[in-house]
Amino acid sequence: MHDPRRISSLKFVVVTRTLAAAVLAAGSALAFGQLVGETAHVDRALYALGGGLIAAIALWFFGVGYTLVVLDAGDALLVGRKRTRVPLRRITAVSHTVPTMRGGRAYTEITTPAYPGGTFGYIPRDLVTGFTSVPEPPSTTDLRERVERARASRPSPP
């Protein structure tokens, strides 16, 4: 067995959460600026703080739903901070999902009874997006083929 290598990208989630923190900080700074002037404008301060908070929450939730850490350990995937072991032979489906609405991100979705909740999604490191299409990344195709080989070579326990 080789050392596990990370196959998930952290960029999308980290960037959206960093932007959320920056927007919240900017809203707080604007609110503070309204309070320390010659005349305090409490209403303007509340608007600035509320607007910053709402925008920060919206940006924060862009990254929700994606698993940050997915490691490939050869015969299994290690998922999440706790490194839940998901054997390839227990994976029932590997799909490349492209959202049809704005605001989403293309990702790989894994369906398996070996993971709590039955499914998890991650953004592959080698995902390339275009203006009109998002082709399936080579890592997702390779993972699907490895899962099919693992399931064919050894039957899954009930």
To the nearest 0.5 Å, what is the distance between [atom1] on [X] and [atom2] on [Y]?
X    : Y    : atom1 : atom2 : result
E145 : E148 : CD    : CD    : 7.0 Å
R5   : L78  : CZ    : CG    : 12.0 Å
L68  : F12  : CG    : CZ    : 11.5 Å
D72  : L77  : CG    : CG    : 6.0 Å
R151 : T92  : CZ    : OG1   : 6.5 Å

Please list, one pair per line, the donor and acceptor atoms closer than 3.5 Å that link side chains of residues 42-63 to other protein atoms, with sequence neighbours excluded.
none

Restricting to non-hydrogen atoms, name the atom on [X] and the atom on [Y] that form the minimum distance, rounded to 0.1 Å.
X    : Y    : result
T18  : V14  : OG1-O, 2.7 Å
Y122 : Y107 : O-CB, 3.3 Å
A150 : L88  : CB-CB, 4.0 Å

Identify, with sequence neighbours excluded, every residue that meets side-chain contact (heavy atoms from CB on, under 4.5 Å) alongside [X].
X    : result
S95  : T97, E109
R6   : S8, L10, L71, R125
P137 : H96, P124, D126, L127, S139, T140

May I have the step-by-step check of side chain to side chain contact (heavy atoms under 4.5 Å, CB included) for I110 and L143, ending in yes or no?
CA-CA 10 Å; I110 307 292; L143 180 61; 3.8 Å; yes
With clusters defined by side-chain heavy atoms of hydrophobic residues (ILVMFWY) lying less than 4.5 Å apart, directly or transitively, does [Y] cluster with [X]?
X   : Y    : result
V13 : V79  : no
I7  : V134 : no
V86 : V94  : yes

If you link I, L, V, M, F, W and Y whenever their side-chain heavy atoms are under 4.5 Å apart, who else ends up in the same group as V36?
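Taking Ile, Leu, Val, Met, Phe, Trp and Tyr as members, V36 shares its hydrophobic cluster with F32.
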Can you tell me which residue among R85, R149, R90 is in a salt bridge (charged side-chain N to carboxylate O under 4.0 Å, His left out) with D75?
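Of the listed options, the one satisfying the test is R85.
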Ring pair (Phe, Tyr, Trp, His ring centres under 6.0 Å) involving F120 - partner list, sequence neighbours excluded
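F120: ring pair (Phe, Tyr, Trp, His ring centres under 6.0 Å) contacts with Y115.
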CZ of R144: more than 12 outside heavy atoms within 6.0 angstrom?
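Atom CZ in R144 is packed in, count exceeds 12.
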